[in-house]
Amino acid sequence: MELKQKIQLNTRFEQEAPEGTISDTGINRIQDYIQDQDLTTEMWHGQQPQDGATYLRPLPYNWEWVWKVTGNGHYVGTFPKRAGKYYYKQWDVKLPTAFVAQLGNLAREHSEDRSFYRFDFVNEFNWQDGDFGDYDSCFWGENSRARDLLKDNGAYAVRFFGEEGTGLARAWVAHIADERLIVFNGYGFSGNPTLKIAQVVARFTGQQYGRIYVTNHNTDEGTLWINGSTGYLLGTAEQLANMTEYDFGWGSVEDDG
């Protein structure tokens, strides 16, 4: 089914999602811990890769940042188990027990527990400031013209609801090309709401996701304010591997000067 058939506007969807989504803070701490490793120390003695590297490469952009992955695939199981498989298969490195245990501690500490979502997609951005966890967003203040930029360029919002129908969270979704999406400026969920929303949308569309550097006319601070220059690209594994940044180029340069 094509993407435009899956994402039907103004239709309420429900999805049960895997528990244990790891927040952006957790991702950063895990990646920092991995890259802080010195493979010449006693803990790593005898575990160095065949290429003689003295450091450990970070986990890839398209890594599935949840506590546990089930089903079929190369990397299933709990987070530390999957990391162990990845480093052994890709780099011929057997992870020390103490290192694996700390990876597990960090992943558990920063995992979320929400597992059921109700959401819709809309291209009319007429709700009130704060209705979807986005209180004080500049898109309802000094940058309100950004909503026109979104609509004029075919973007839409994904909005999340609680059991009583009250708004919980939202993010912007841009359809850029070749069935690819970029999710950015998430609000409402704890941890990293953009990451969590991107994961939900990716499961819904059957795509993979990865963090990407996003700008508009080479800035993240213009009319189309992009929080932290960060979005999540949804697409195939090949598309994710070949794209680490994207500039929308919406509106005029003067708008973002």
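Only heavy atoms go into these numbers, but all of them, side chains included; no hydrogens, no water, no symmetry mates.
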Student: Taking the side chain as everything from C-beta on, heavy atoms only, tell me whether Thr21 gets closer than 4.5 Å to Trp65.
Tutor: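 Side-chain contact under 4.5 Å: no.
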
Student: Please check: side-chain N/O of Asn153 versus main-chain N/O of Leu150, any donor-acceptor pairing under 3.5 Å?
Tutor: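 No; zero donor-acceptor contacts below 3.5 Å.
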
Student: Distance-only, no hydrogens or angles: does the Gln239 side chain make a donor-acceptor pair with backbone N or O of Thr236 under 3.5 Å?
Tutor: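 Judged by distance alone, yes, a pair lies under 3.5 Å.
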
Student: Does a side-chain heavy-atom distance below 4.5 Å link Tyr246 with Tyr213?
Tutor: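 No, side chains not in contact.
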
Student: Under 30°, 30 to 60°, or over 60°: which ring-plane class applies to Phe248 and Phe184, parallel, tilted or perpendicular?
Tutor: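 Phe248 and Phe184: tilted rings.
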
Student: Side-chain contact test, heavy atoms from C-beta onward, threshold under 4.5 Å: evaluate it for Gln15 versus Phe116 and give yes or no.
Tutor: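 Counting from C-beta outward, Gln15 and Phe116 never come under 4.5 Å.
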
Student: Restricting to non-hydrogen atoms, name the atom on Thr194 and the atom on Gly186 that form the minimum distance, rounded to 0.1 Å.
Tutor: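 That closest heavy-atom pairing would be OG1-N, 2.8 Å.
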
Student: Between the main-chain N or O of Leu9 and the side-chain N or O of Thr11, is there a donor-acceptor pair closer than 3.5 Å?
Tutor: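 Answer holds: yes.
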
Student: What is the distance from atom CG of Leu95 to atom CD1 of Ile34, rounded to the nearest 0.5 Å?
Tutor: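 Output value for this atom pair is 8.5 Å.
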
Student: Check whether any side-chain heavy atom of Leu3 sits under 4.5 Å from a side-chain heavy atom of His175, and report yes or no.
Tutor: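 SC-SC contact between Leu3 and His175 confirmed.
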
Student: Output all residues satisfying side-chain contact (heavy atoms from CB on, under 4.5 Å) with Ala157, sequence neighbours left out; order by chain, then residue number.
Tutor: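 Once residues adjacent in sequence are excluded, the partners of Ala157 under the side-chain contact (heavy atoms from CB on, under 4.5 Å) criterion are Val122, Phe125, Trp127, Arg159, Trp172.
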
Student: Of all the heavy-atom pairs spanning Tyr75 and Gln90, show the shortest one and how long it is.
Tutor: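 Here Tyr75 and Gln90 meet closest at OH-NE2, 3.3 Å.
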
Student: Any idea which heavy atoms bring Cys138 and Trp225 closest together, and the distance?
Tutor: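 Closest heavy-atom pair between Cys138 and Trp225: SG-CB, 3.7 Å.
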
Student: Give a yes or no answer on whether the side chain of Asn143 reaches the backbone of Phe139 with a donor-acceptor pair at less than 3.5 Å.
Tutor: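 It does not hold such a pair.
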
Student: With heavy-atom distances below 4.5 Å as the criterion, would you say the side chains of Leu181 and Leu233 are in contact?
Tutor: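 Counting from C-beta outward, Leu181 and Leu233 never come under 4.5 Å.
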
Student: Report the C-alpha separation of Val158 and Phe204 in whole Å, then their side-chain angles, then the decisive distance to 0.1 Å, and conclude whether the side-chain contact (heavy atoms from CB on, under 4.5 Å) test is met.
Tutor: CA-CA 12 Å; Val158 55; Phe204 177 72; over 6 Å; no

Student: Contact between Pro80 and Val100 at the side-chain level, heavy atoms closer than 4.5 Å - yes or no?
Tutor: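 They are in side-chain contact.
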
Student: How long is the gap from CG on Leu224 to CZ on Arg147, to the nearest 0.5 Å?
Tutor: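 Answer rounded to 0.5 Å: 13.0 Å.
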
Student: Quick one: pull up OG in Ser229 and CG in Asn218 and give me the separation to the nearest 0.5 Å.
Tutor: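 Answer rounded to 0.5 Å: 11.0 Å.
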
Student: Over all heavy atoms of both residues, which pair between Ile176 and Met243 is shortest? Give the atoms and the distance, please.
Tutor: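 Heavy atoms of Ile176 and Met243 come nearest at CD1-SD, 4.3 Å.
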
Student: Would you call the rings of Phe119 and Phe160 parallel, tilted or perpendicular, taking 30° and 60° as the class edges?
Tutor: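 Phe119 vs Phe160 ring planes: tilted.
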
Student: Looking at the rings of Tyr135 and Trp140, which for Trp means the six-membered one, are their centres under 6.0 Å apart?
Tutor: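 Judged by ring-centre distance (under 6.0 Å), Tyr135 and Trp140 do not meet the cut-off.
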
Student: Is it the case that Tyr33 and Gln102 place a side-chain donor and acceptor less than 3.5 Å from each other?
Tutor: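 There is no such pair (donor and acceptor under 3.5 Å, judged by atom type) between the side chains of Tyr33 and Gln102.
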
Student: Is there a side-chain contact between Met43 and Asp38 in this structure, where contact means two heavy atoms from C-beta onward sitting under 4.5 Å apart?
Tutor: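 No, side chains not in contact.
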
Student: Taking Trp63 as the starting point, is it possible to reach Trp67 by hopping between hydrophobic residues whose side chains are less than 4.5 Å apart?
Tutor: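 As far as the 4.5 Å side-chain criterion goes, Trp63 and Trp67 are connected within one cluster.
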
Student: Would one find more than 12 heavy atoms of other residues, nucleotides or ligands at under 6.0 Å from atom NZ of Lys85?
Tutor: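 Enclosed: over 12 neighbouring heavy atoms sit under 6.0 Å from NZ of Lys85.
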
Student: Just jot down the salt bridge (charged side-chain N to carboxylate O under 4.0 Å, His left out) partners of Arg82, sequence neighbours excluded, or say none.
Tutor: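 Expected list: none.
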
Student: Do Glu124 and Asn10 have side-chain heavy atoms sitting under 4.5 Å apart?
Tutor: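 The answer is no; the side chains never approach within 4.5 Å.
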
Student: Walk me through whether Thr205 and Ile7 qualify under side-chain contact (heavy atoms from CB on, under 4.5 Å).
Tutor: CA-CA 8 Å; Thr205 58; Ile7 299 179; 4.1 Å; yes

Student: CD of Glu14 to CZ of Arg12: how many Å apart, nearest 0.5 Å?
Tutor: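 Here the rounded value is 8.5 Å.
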
Student: Under 3.5 Å, is there a donor-acceptor pair between the side chain of Asn216 and the main chain of Trp250?
Tutor: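 Yes: the side chain of Asn216 pairs with the backbone of Trp250.
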
Student: Is it true that a side-chain atom of Ser144 and a backbone atom of Glu142 form a donor plus acceptor pair closer than 3.5 Å?
Tutor: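 Absent.
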
Student: Is a side-chain donor or acceptor of Asn227 paired with a backbone partner of Asn185 at a separation under 3.5 angstrom?
Tutor: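 The answer is no, because no donor-acceptor pair under 3.5 Å joins these two groups.
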
Student: Mind checking the OH-CG spacing from Tyr232 to Leu240? Nearest 0.5 Å is all I need.
Tutor: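 One gets 12.0 Å once the value is rounded to the nearest 0.5 Å.
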
Student: Spell out, as yes or no, whether a donor-acceptor pair under 3.5 Å connects the side chain of Gln31 to the backbone of Leu59.
Tutor: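 Side chain of Gln31 to backbone of Leu59: a pair is present.
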
Student: Give a yes or no on whether the backbone of Arg57 and the side-chain of Tyr87 come within a donor-acceptor separation of less than 3.5 Å.
Tutor: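 Pair found, side chain donor or acceptor close to backbone of Arg57.
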
Student: Would you kindly say whether Thr78 and Arg108 are connected by a side-chain donor-acceptor distance under 3.5 Å?
Tutor: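 No, no side-chain donor-acceptor pair sits under 3.5 Å.
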
Student: For the atom pair CG (Asn62) and OH (Tyr209), what is the distance rounded to the nearest 0.5 Å?
Tutor: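 Asn62 CG to Tyr209 OH: 9.5 Å, rounded to 0.5 Å.
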
Student: Please determine whether side-chain contact (heavy atoms from CB on, under 4.5 Å) holds for the pair Ser137 and Arg170, giving the CA-CA distance in whole Å, both sets of side-chain angles, and the decisive distance to 0.1 Å.
Tutor: CA-CA 11 Å; Ser137 165; Arg170 63 89 171 154; 3.2 Å; yes

Student: Ignoring hydrogens, what is the shortest heavy-atom contact between Ala198 and Leu234? Give both atom names and the distance.
Tutor: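 Minimum heavy-atom separation between Ala198 and Leu234: O-CD2, 4.0 Å.
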
Student: Apply side-chain contact (heavy atoms from CB on, under 4.5 Å) to Gln37 and Phe99, showing your working.
Tutor: CA-CA 9 Å; Gln37 298 305 304; Phe99 175 78; 3.5 Å; yes

Student: Looking only at side-chain N and O atoms, does Thr215 offer a donor or acceptor that is under 3.5 Å from a partner on Asp220?
Tutor: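 Note: Asp220 and Thr215 side chains miss the donor-acceptor criterion.
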
Student: Does any N or O in the side chain of Asn192 come within less than 3.5 Å of the main-chain N or O of Leu195, such that one atom is a donor and the other an acceptor?
Tutor: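 Side chain of Asn192 to backbone of Leu195, a donor-acceptor pair under 3.5 Å: yes, one is there.
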
Student: Please name the pair of heavy atoms, one in Ala83 and one in Leu103, separated by the smallest distance, quoted to 0.1 Å.
Tutor: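 That closest heavy-atom pairing would be CB-CD1, 3.9 Å.
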
Student: Mind checking whether Phe189 and Tyr117 have ring centres under 6.0 Å apart?
Tutor: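 Centroid distance Phe189-Tyr117: below 6.0 Å, so yes.
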
